[in-house]
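First up is the structure itself, then whatever we jot down about it.
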Amino acid sequence: SYYGLGIQIIGSFAAGGFIGWYTDSYFETYPIFFALGMVVGSIAAIMQLIKMTLGHTTHNMKLTKNDDELSAFNSSLIGLLLCTINVLVGVVVAKYSFKLKFEKALAIILGSMAVRVVLSGLVIWLILEFIKPHPLSFVLTFAILSIMMLFGEILYFHFKSDNLSQ
């Protein structure tokens, strides 16, 4: 079900991020293991998405869209729009938080990432349940762009925090 898929996506990202963060705090290597944990969590989430999407497609015994699904192109655009909104919120939060002390800024940024992951999972479920995009196009577009944008955010935050801490 889409609800279970949303839980798996959130769990994969959260578990990877938490394990990476914990490892970084133990070895004092932030953000190396956090980024690595997010990569592993992202890969696990993408594999679950692909498995569910391919299972959905082969279960229906057709590789074309259902009559009530959007086209693959429109579904990809919805995935792109969702990722873009997510990144814009991250940029706004970062611009605000980097005006604060370093420790507070870091807490706000990491907290906003966690909140955005949960909200993204909820919005994905709502989109899949009610708008009914072409599942493979929407999920792959969202997953691949989310990973790329997440790495961009982490690198931006890392370099920005280095400049602030000096």
Side-chain angles (χ1 to χ4, degrees), residues 1-24 31-94 109-160:
S1 76
Y2 293 130
Y3 178 75
L5 180 63
I7 297 295
Q8 289 176 351
I9 292 170
I10 292 168
S12 296
F13 279 107
F18 177 76
I19 291 169
W21 170 81
Y22 183 79
T23 306
D24 276 331
I32 295 169
F33 287 105
F34 177 72
L36 186 62
M38 293 304 288
V39 169
V40 171
S42 300
I43 290 170
I46 289 172
M47 291 178 71
Q48 287 298 323
L49 294 171
I50 291 171
K51 187 188 304 184
M52 187 282 304
T53 305
L54 291 177
H56 171 76
T57 305
T58 56
H59 177 69
N60 289 339
M61 295 302 220
K62 53 173 134 171
L63 296 173
T64 58
K65 72 181 186 99
N66 293 329
D67 291 337
D68 59 342
E69 291 178 347
L70 294 174
S71 71
F73 179 75
N74 289 339
S75 300
S76 295
L77 286 178
I78 292 172
L80 173 65
L81 178 66
L82 183 57
C83 283
T84 303
I85 291 169
N86 190 11
V87 167
L88 290 176
V89 169
V91 168
V92 169
V93 168
I109 289 170
L110 291 178
S112 83
M113 281 184 166
V115 168
R116 289 185 293 131
V117 165
V118 171
L119 288 177
S120 292
L122 177 64
V123 170
I124 288 170
W125 173 74
L126 290 171
I127 289 171
L128 288 172
E129 191 68 30
F130 297 109
I131 297 177
K132 302 206 183 296
H134 185 267
L136 186 61
S137 301
F138 171 71
V139 166
L140 287 179
T141 300
F142 179 79
I144 291 168
L145 289 176
S146 291
I147 290 170
M148 292 170 37
M149 291 180 182
L150 181 64
F151 280 120
E153 277 188 75
I154 290 172
L155 289 175
Y156 170 73
F157 297 153
H158 178 68
F159 292 123
K160 187 76 172 173

Between [atom1] of [X] and [atom2] of [Y], what distance do you get to the nearest 0.5 Å?
X	Y	atom1	atom2	result
Ile127	Phe142	CD1	CZ	8.0 Å
Leu110	Phe34	CG	CZ	5.5 Å
Leu82	Leu77	CG	CG	12.5 Å
Leu136	Thr141	CG	OG1	8.5 Å
Leu145	Thr84	CG	OG1	7.5 Å

Checklist entry - Are Ile124 and Phe138 close enough, and set up right, to give a side-chain contact (heavy atoms from CB on, under 4.5 Å), and what steps lead you there? => result CA-CA 9 Å; Ile124 288 170; Phe138 171 71; 4.0 Å; yes
Checklist entry - Any donor-acceptor pair under 3.5 Å linking the side chain of Ser75 with the backbone of His134? => result yes
Checklist entry - Is there side-chain contact between Ile78 and Asn74, with at least one heavy-atom pair below 4.5 Å? => result no
Checklist outcome for this item: Tightest non-hydrogen contact, residues Val89 and Arg116, listed as CG1-CD, 3.7 Å
